[in-house]
Trainee: 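Questions regarding the structure given below will be posed in turn.
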Amino acid sequence: MTDTIIFVLAGAFATATPLLLAAIGEAVAEKAGVMNLSVEGMMAFAAAVAFAVTYQTGNIVLGFGLAVGASVALSLVFSILVLGFSANQIVSGLAVGILGLGLSSLAGRSFENLTMMAPANLSLPVLSDLPLVGPILFRQSAITYFAFAVAFLTWWFLAKTRHGRITKVVGEDPAIAHNLGFAVIRIRLFAIIFGAVMSGLGGAYASTILTPGWSDGLIAGRGWIAVALVVFGTWRPLRIAFGAYLFGALLLGDLAVQAMGFSVPPQIMTSLPYVMTIIVLAAVSRNALLIRLNAPVSLGQNFQPSK
Amino acid sequence: MASAFGGPVSLTFQPIHACRKNKNTTFVASLAYVIEAAPLRVVINNREQHLKTKAGESPLLLQLRNITKRYGTYVANDSVDLALEHGQICAILGENGAGKSTLMKTIYGIQQPDEGEIVWNGEKVAVTSPSVARDLGIGMVFQHFSLFETISVVENISLTVPGSLPDLAEIIRQKADEYGLHVNPDAPVHGLSVGERQRVEIIRCLMQDPKLLILDEPTSVLPPHSVQQLFGTLRKLSERGVAMLYISHKLEEIRDLCHCAVVLRQGRVTGTANPRQATSAELARLMIGQDIPTARHAEAKPSCEPALTVSDLTYENPDPLGESLDSVSMAVRPGEIVGIAGVSGNGQSTLARILSGEIRLQGHMAGRIQVFDHPVGDAPPGTRRQMGVTFVPEERLGRATVPTMSLADNVLLTAHGAGLVRKGLIRRRQQADFADKCISAMDVRSRGRQSIASSLSGGNLQKFVLGREILLKPRILIVSQPTWGIDVGAAAMVRQKLVDLRDTGTAILMISEELEEIFEISDRIHVMYHGRLSPSVQARSVTAEDVGRMMMGEFDQKMRAA
């Protein structure tokens with residue numbers, strides 16, 4: 001029983017990591033008013049690149065670096081369409097996302113069904129050996145700690161810093177922000193690129209650390225879950241982190257329940273993480289005023305400053 | 001102060017009749033002392049003597065030389081020259097589209113001029129962005145404000161003023177005391193009234209120690225007593241040497257406050273005036289090049305049976321930042337215009353949406369709105385239109401018309417029932433006839449019925465929208481902000497058409513925040529405040545000051561007790 005609890009609670013951090021990274025990135029882009037629906041494609045392309053590079057060179061840092069580069073390259077295509085040509089954000093995001101999925105299959109084609117060793121998780125003296133708490137909190141991958149740190153830093157950035165406020169107000173009303181002298185397009189570009197870096201890290205983590213192997217379709221909708229987490233977490237990084245962890249825990253809880261031999265219809269168990277995460281996040285964020293204050297008003301609307 | 005809010009109703013430009021008979025000669029004569037040069041260089045020298053210039057500073061704070069700004073082939077500013085001294089308050093007059101806002105945006109660095117130069121304190125400068133302007137000492141108070149609703153006052157100010165939040169909050173309190181502009185730095189902006197928002201805008205400018213303030217129609221959203229408060233602050237600033245460029249349509253205000261006035265027409269400086277000496281009529285004539293007609297407004301002869309009744313209507317807005325209504329009651333009879341005054345944001349837009357059917361009432365509230373004794377509170381807009389109710393919403397683009405569609409197609413949106421459609425197919429000839437009739441009846445200046453709605457100026461589009469609804473021969477017309485943001489000439493015509501429609505026996509409900517307009521054409525006046533509606537008063541027996549007090553909520557026992 002204890003083992004099962006540890007399995008679920010510790011594993012949830014690992015499962016949540018790619019979702020959290022991608023969702024925090026998307027949250028920042030959306031805060032600046034850009035709906036980037038290519039998260040799934042960016043993650044998939046990054047995952048393929050990360051696996052291919054790491055498999056061939058054995059250098060996981062290089063793998064992560066090039067994966068982030070691949071994801072950012074995709075986001076630049078998106079940025080040119082949306083920021084440069086004022087193309088519809090939804091359509092551009094979907095198109096670039098499909099491009100990313102295609103590139104992912106292409107890049108991963110000769111690596112299909114290959115596996116490799118995941119790097120060892122962190123091991124801290126004393127802490128990692130604590131009963132219960134040790135395996136849950138102190139034997140995770142460095143990327144997992146990084147992801148939760150990023151969530152916290154993003155909250156701090158948006159709530160406490162001047163640049164965070166500027167990012168936020170660009171998403172609230174780009175025209176006013178422009179009149180006050182802020183470079184709306186540049187700020188949105190930075191926000192999109194930050195989102196791409198995070199998606200890239202999330203994708204790379206999924207194919208090299210979480211499940212270190214490659215098969216096409218490995219990302220399996222994680223990008224879409226990330227997009228949904230942003231909305232149900234009402235654009236608040238700490239809520240999003242909570243939601244991602246909850247989703248991870250429910251996903252593993254499903255496996256644990258099956259392993260323990262309870263006979264619950266598999267359809268219910270498989271859908272449970274999705275349904276429960278939505279219900280819980282909707283319940284904790286039902287304050288209409290807070291939603292109104294956190295939702296980026298200009299989300300999805302392009303802005304072109306008049307020269 | 002004689003004019004409590006920049007233009008009591010009674011001053012509707014009476015002296016004009018004299019000029020009418022012998023237009024040309026009188027026109028020239030009256031311009032003789034107001035115009036110095038046009039469109040050549042204009043230097044304004046009628047500053048008052050008590051204004052001091054600090055030693056060592058150039059006497060001229062700002063000079064614009066030959067500023068030209070084009071959008072494609074359209075010339076928004078054409079070789080504009082302007083000079084401003086320290087402490088001088090200069091009015092910029094002109095109709096909509098005359099190029100006032102373009103000029104101000106150029107000075108504030110939001111956009112760059114195609115030609116010409118800006119000289120600041122004797123030195124040529126390139127104002128490449130608003131932050132450059134702020135560093136020079138130029139501040140701007142925007143017409144529709146540049147505050148973000150979701151963050152607090154001090155957070156808004158921290159966007160453009162350096163400093164930590166606690167330090168800024170302290171400075172805000174100091175400035176607030178110094179100028180009598182009271183605001184709570186930690187209050188979220190979405191909870192502030194328009195008056196408070198404007199104070200925040202002004203404090204933000206003052207915190208950067210400006211030498212020049214640009215004010216774009218600062219009083220258009222203020223209730224009368226706030227206007228006097230604002231003027232007090234502006235005069236104090238002027239005495240301390242802060243110069244101001246003051247854009248406004250309200251001529252009485254300009255005469256009250258400004259030391260000089262520059263008139264723009266079609267992007268050019270066409271004259272300057274001393275507003276202390278010129279009459280409002282003379283200023284108006286400089287602005288639009290002709291006399292302003294005012295609406296002929298005979299006593300209403302309403303019938304007794306109300307056409308539209310609202311009884312004890314309460315509505316809780318699900319949007320937490322939206323406006324709710326609290327036991328609103330009124331009646332509009334055929335043959336009268338009922339005006340609803342009040343500062344916008346007090347529930348008027350919610351009321352308009354409920355009356356039009358964009359918001360539908362549920363359950364027992366449905367009977368609270370009656371059209372000729374039929375409850376319509378839960379009826380969709382189409383049903384209400386079939387009963388002879390038409391609507392002119394305040395947003396002309398997007399709500400009254402589809403911006404990307406032609407005028408002919410926009411006619412179909414509400415006039416489809418007037419024989420323009422048969423068996424689901426559009427009858428092109430009838431459609432064209434209707435559109436042409438609308439365009440000619442209302443003198444809509446466009447390139448014909450195939451013009452795209454968004455290509456029309458605000459005034460012309462409003463005339464088109466109103467014409468479309470009038471041609472439907474409504475029994476009830478509900479119109480919101482009929483002349484918002486349109487020029488004086490078009491506004492006068494719109495008001496006259498409303499009065500004419502009233503005289504055919506239509507019941508008209510007009511929601512407007514222009515108090516002058518309310519007085520000019522309404523027969524009875526209600527005031528809205530915090531979602532509550534005052535009892536009606538007769539427009540001919542009430543003064544602007546009374547209505548001004550009602551706009552601050554002084555009609556309500558409940559409010560007074562609180």
Trainee: Heavy-atom pairs under 4.5 Å with chain B are the metric here; pick the option from Ile291(A), Asn179(A), Asp173(A) that has the most.
Mentor: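 Ranked by heavy-atom pairs under 4.5 Å with chain B, first place is Asn179(A).
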Trainee: Looking at side-chain heavy atoms only, is the closest gap between Cys205(B) and Met140(B) below 4.5 Å?
Mentor: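 Counting from C-beta outward, Cys205(B) and Met140(B) never come under 4.5 Å.
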Trainee: In terms of heavy-atom pairs under 4.5 Å with chain B, which of Val297(A), Ile166(A), Leu180(A) leads?
Mentor: Leu180(A)
Trainee: When you check the gap from the basic side-chain N to the acidic O, do Lys69(B) and Glu115(B) get nearer than 4.0 Å?
Mentor: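 Salt bridge flag = no for Glu115(B) with Lys69(B).
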Trainee: Tell me if a side-chain donor or acceptor on Ser146(B) pairs with a main-chain N or O of Phe142(B) at a distance below 3.5 Å.
Mentor: no
Trainee: Examine whether an atom of Ala177(A) lies under 4.5 Å from a heavy atom of chain B, and if so say whether it belongs to the side chain, the backbone or both; otherwise answer neither.
Mentor: both
Trainee: I would like to know whether Trp155(A) and Arg236(A) meet side-chain contact (heavy atoms from CB on, under 4.5 Å); could you show each step before the answer?
Mentor: CA-CA 7 Å; Trp155(A) 165 79; Arg236(A) 283 185 282 178; over 6 Å; no
Trainee: Given the options Val132(B), Leu165(B), Asn156(B), Leu147(B), which has more heavy-atom pairs under 4.5 Å with chain A than any of the others?
Mentor: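 Ranked by contacts with chain A, first place is Leu165(B).
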